[in-house]
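Everything below concerns the one structure shown next.
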Amino acid sequence: MAGVSPSTEGVRTELHANLRSFVARRVREYADDIVQRVFLQVHRALPSLRNTDKLHAWIYQMTRRAIADFNRSPSHHLEVATGSADDFADALAAVVAE
């Protein structure tokens with residue numbers, strides 16, 4: 001990445017791995033999406049950070065909030081059909097026929 005020092009890139013890579021692990025323990029399938037959202041939020045909000053000594057705590061707080069937002073969101077809750085494939089095919093055919 002242009003303009004990013006090797007030490008900064010190393011910190012970012014390590015932080016990404018740690019956050020990914022942190023999120024994956026709580027939300028398995030969507031961990032990468034949540035971490036990407038957190039990094040975007042961090043990038044946007046970084047100018048408002050007052051105390052750089054608390055950077056990691058600040059990022060982890062943002063991550064916890066992103067996980068909570070994700071869990072509250074109905075968009076990731078998928079309905080799974082139960083029953084036989086024939087029952088599902090019949091139900092699908094009835095919906096399509098309408």
Any luck finding a side-chain donor-acceptor pair between Gln61 and Arg64 under 3.5 Å?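 Result is yes, a qualifying pair exists.
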Has Arg26 got its NZ or CZ under 6.0 Å from the middle of the six-membered ring of Phe22, at an angle within 45 degrees of the ring axis?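 Yes, cation above the ring, under 6.0 Å and within 45°.
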Distance check, rounded to the nearest 0.5 Å: [X] atom [atom1] versus [Y] atom [atom2]?
X: Gln36; Y: Arg20; atom1: CD; atom2: CZ; answer: 12.0 Å
X: Met62; Y: Ile34; atom1: CE; atom2: CD1; answer: 13.5 Å
X: Ile59; Y: Leu19; atom1: CD1; atom2: CG; answer: 6.5 Å

Quick one: are [X] and [Y] in side-chain contact, heavy atoms under 4.5 Å?
X: Val38; Y: Arg65; answer: no
X: Trp58; Y: Thr52; answer: no
X: Phe39; Y: His43; answer: no

Residue among Asn18, Val23, Val35 satisfying side chain to side chain contact (heavy atoms under 4.5 Å, CB included) with Thr63: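 Result for side chain to side chain contact (heavy atoms under 4.5 Å, CB included) with Thr63: Val23.
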State yes or no: do Leu49 and Leu40 share one hydrophobic cluster built from I, L, V, M, F, W and Y residues joined by side-chain heavy-atom distances below 4.5 Å, directly or via other members?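 Unlinked, Leu49 and Leu40 end up in two clusters.
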Parallel, tilted or perpendicular: which one describes the rings of Phe70 and Tyr30, with boundaries at 30° and 60°?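 Answer is tilted, since the angle falls between 30° and 60°.
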Does CZ belonging to Arg25 count more than 12 external heavy atoms closer than 6.0 Å?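 Counting other residues, nucleotides and ligands, CZ of Arg25 exceeds 12 neighbours.
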Check: Ser21 side chain, Ala17 main-chain N or O, donor-acceptor pair, under 3.5 Å: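 No, Ser21 side chain to Ala17 backbone: no donor-acceptor pair under 3.5 Å.
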